[in-house]
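Presented below is the structure to which this report refers.
Both ligands and their constituent atoms are indexed starting at 1 by order of listing. Note that the coordinates shown come from a computational prediction; the quantities given were computed from them, not determined experimentally.
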Amino acid sequence: MNRPSVLFVCLGNICRSPLAEAAFRAEAQRIGLDAVVDSAGTADYHVGEPPDPRAIRTAARFGVDISGYRGRQAVAADFARFSHILALDHSNLASLRRIAPVSHGAHLGLLLDLVPGREGEAVADPWYGNEEDFLVTWHEVSQAARALVAQLNR
Ligand code: 4NP
């Protein structure tokens, strides 16, 4: 089996997609799935920056240290590097479609499409929210990460 490679994409790459990357890493490690994983933002606002402190604290509560993650912007070449590209919301998905090469082999979709009953939904941006909103984000991305790891492990 080819090693799966997964890219999670939000707007700033400092709140939602780093949490999705963290949840996926934790779950892949738990079941022993060997996968490449990364996250990116559609915007360049936070390139080179660590995740939001609230995201760092939230991941730490669940045993994942994301303080070393650094923001980067999604690029067209990601469509050749990753087998699965998951957008956190519809706007991120539309932005990814705009930069996608005309022809590519990656699966591009909404992250919550992986969660039964949540198809077509967005992971809400917790940027203007509080610690509780980051917890909600963690639970949403964790559900999707569990589903994706199980799917890739089949
Ligand atoms: P993220 O959250 O897309 O989940 O990383 C945001 C982070 C920063 C901004 C917006 C959303 N911003 O406008 O700087």
Side-chain angles (χ1 to χ4, degrees), residues 4-29 35-101 104 106-149 151-152:
S5 45
V6 182
L7 180 67
F8 299 101
V9 181
C10 63
L11 177 63
N13 192 208
I14 56 167
C15 298
R16 292 166 293 173
S17 62
L19 289 176
E21 177 182 347
F24 182 93
R25 283 187 190 282
E27 180 64 10
Q29 188 180 21
V36 173
V37 57
D38 195 10
S39 61
T42 56
D44 64 0
Y45 314 142
H46 300 282
V47 170
E49 294 178 17
D52 184 284
R54 297 164 296 178
I56 293 177
R57 283 196 293 275
T58 302
R61 284 176 69 168
F62 296 92
V64 189
D65 178 11
I66 65 169
S67 62
Y69 291 13
R70 292 295 178 266
R72 76 164 178 94
Q73 190 172 22
V75 291
D78 286 320
F79 286 84
R81 284 183 57 207
F82 293 93
S83 59
H84 293 71
I85 300 181
L86 284 320
L88 278 281
D89 70 27
H90 303 84
S91 165
N92 310 146
L93 183 58
S95 300
L96 286 165
R97 288 197 172 119
R98 277 195 293 277
I99 66 160
H104 67 83
H107 165 88
L108 174 62
L110 265 183
L111 182 69
L112 286 183
D113 278 349
L114 293 158
V115 180
R118 302 293 307 272
E119 297 91 346
E121 292 186 35
V123 174
D125 192 344
W127 171 251
Y128 295 104
N130 56 30
E131 215 84 18
E132 186 60 34
D133 297 298
F134 279 75
L135 259 187
V136 170
T137 303
W138 176 265
H139 288 300
E140 290 178 339
V141 301
S142 293
Q143 282 188 317
R146 273 197 297 276
L148 181 57
V149 166
Q151 178 187 311
L152 296 175

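Sorted by chain then number, the residues whose non-hydrogen atoms approach ligand 1 to under 4.0 Å are Cys10, Leu11, Gly12, Asn13, Ile14, Cys15, Arg16, Tyr45, His46, Asp125, Trp127.
Taking Arg57 as the reference, Glu131 meet the side chain to side chain donor-acceptor pair (under 3.5 Å) condition, with sequence neighbours excluded.
Note that CD of Gln29 is 12.0 Å distant from CZ of Phe24, once rounded to the nearest 0.5 Å.
Within a 6.0 Å sphere centred on CZ of Arg70, other residues, nucleotides and ligands contribute more than 12 heavy atoms.
Looking at heavy atoms from C-beta onward, Tyr45 lies in side-chain contact with Leu11 at the 4.5 angstrom threshold.
Aromatic ring pairs are classed by plane angle as parallel below 30°, tilted from 30° to 60° and perpendicular above 60°; the pair Phe62 and His139 is perpendicular.
Remark: side-chain polar atoms of Ser5 are paired, donor with acceptor, to backbone N or O of Ser83 under 3.5 angstrom.
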